[in-house]
Amino acid sequence: LQAAANALGDLEEWTVEALEARLRALAEELGLKPGDLFMPVRVAASGSKVSPPLFETLHVLGRDETLRRIKRALDCLKV
């Protein structure tokens, strides 16, 4: 989640296409299957394992709200 927050925070364009391209590239950089990265981001952003399409959800939420929700999820995971 932290890597996703960093990658999304640096994203110049907050479009569905840019979000998808950046998160797919990040999954590859981290050696993860896309779903193994997308699911934690989905749960952090939507609060559910089931949601409308991920990239459209992030786009509608906007940069600030998406990053706020990911940060909140990270804070919840700290012990």
Side-chain angles (χ1 to χ4, degrees):
L1 281 176
Q2 186 61 61
N6 294 342
L8 294 175
D10 294 342
L11 196 61
E12 289 185 27
E13 292 183 45
W14 198 263
T15 63
V16 172
E17 296 80 13
L19 290 162
E20 181 174 3
R22 185 61 192 114
L23 288 178
R24 287 191 183 281
L26 179 61
E28 187 172 323
E29 290 169 27
L30 297 175
L32 297 172
K33 294 178 185 177
D36 291 341
L37 174 65
F38 298 170
M39 185 57 71
V41 173
R42 178 186 310 281
V43 171
S46 72
S48 177
K49 292 192 299 184
V50 179
S51 73
L54 175 61
F55 310 112
E56 287 82 351
T57 299
L58 300 180
H59 180 256
V60 169
L61 287 173
R63 180 189 314 268
D64 293 341
E65 182 64 17
T66 296
L67 295 176
R68 187 184 71 74
R69 290 180 183 203
I70 292 173
K71 181 186 180 313
R72 186 175 64 209
L74 285 165
D75 289 345
C76 288
L77 293 171
K78 291 180 183 173
V79 181

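Sequential numbering from 1 along the given sequence is applied to the chain's residues. All of these numbers come straight from a predicted model, not from anything done at the bench.
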Of the non-hydrogen atoms in Leu1 and Ile70, which two are nearest, and what is the gap between them? O-CG2, 3.7 Å
Rounded at 0.5 Å granularity, tell me how far CG in Asn6 sits from CG in Leu11. 12.5 Å
Ala5 and Leu67: which non-hydrogen atoms are nearest, and at how many Å? O-CD2, 3.7 Å
Would you check, one step at a time, whether the test side-chain contact (heavy atoms from CB on, under 4.5 Å) holds for Leu8 with Leu26? CA-CA 10 Å; Leu8 294 175; Leu26 179 61; over 6 Å; no
Shortest non-hydrogen separation from His59 to Thr15 and the atoms involved: CD2-CA, 3.8 Å
Step by step, would you call Trp14 with Thr66 a side-chain contact (heavy atoms from CB on, under 4.5 Å)? CA-CA 11 Å; Trp14 198 263; Thr66 296; 3.7 Å; yes
Hey, does the side chain of Thr57 reach the backbone of Pro52 with a donor-acceptor pair shorter than 3.5 angstrom? yes
Quick check: closest heavy atoms across Pro34 and Ala27, and the distance to 0.1 Å? CA-CB, 3.9 Å
Hydrophobic cluster membership, Val41 vs Leu32, 4.5 Å side-chain cutoff: yes
Got a sec: does the CD of Glu56 have more than 12 other heavy atoms crowding it under 6.0 Å? yes
Treat each ILVMFWY residue as a node, draw an edge where side-chain heavy atoms are under 4.5 Å apart, and state whether Leu77 and Leu37 are in one component. yes
Excluding sequence neighbours, so at least two apart, what forms side chain to side chain donor-acceptor pair (under 3.5 Å) with Ser51? Arg42
Donor-acceptor contacts under 3.5 Å from residues 16-24 side chains, at least two apart:
unit_1 : atom_1 : unit_2 : atom_2 : d
Glu20  : OE2    : Arg24  : NE     : 2.9
Glu20  : OE2    : Arg24  : NH2    : 3.3
Arg22  : NH1    : Glu29  : OE2    : 3.0

List the atom of Ala45, the atom of Leu61, and the distance in Å for their closest heavy-atom pair. O-CD1, 3.7 Å
Residues which pass salt bridge (charged side-chain N to carboxylate O under 4.0 Å, His left out) with Glu65, listed by chain and number, not counting sequence neighbours: Arg68, Arg69
Starting from Leu30, can I reach Leu74 by hopping between I/L/V/M/F/W/Y residues whose side chains sit under 4.5 Å apart? yes
Listed by chain and number, what are the side chain to side chain donor-acceptor pair (under 3.5 Å) partners of Arg63, not counting sequence neighbours? none
Lys71: which residues meet the side chain to side chain donor-acceptor pair (under 3.5 Å) condition with it, sequence neighbours left out? Asp75
Counterpart residues, side chain to side chain donor-acceptor pair (under 3.5 Å), relative to Asp36 (two or more places apart): none
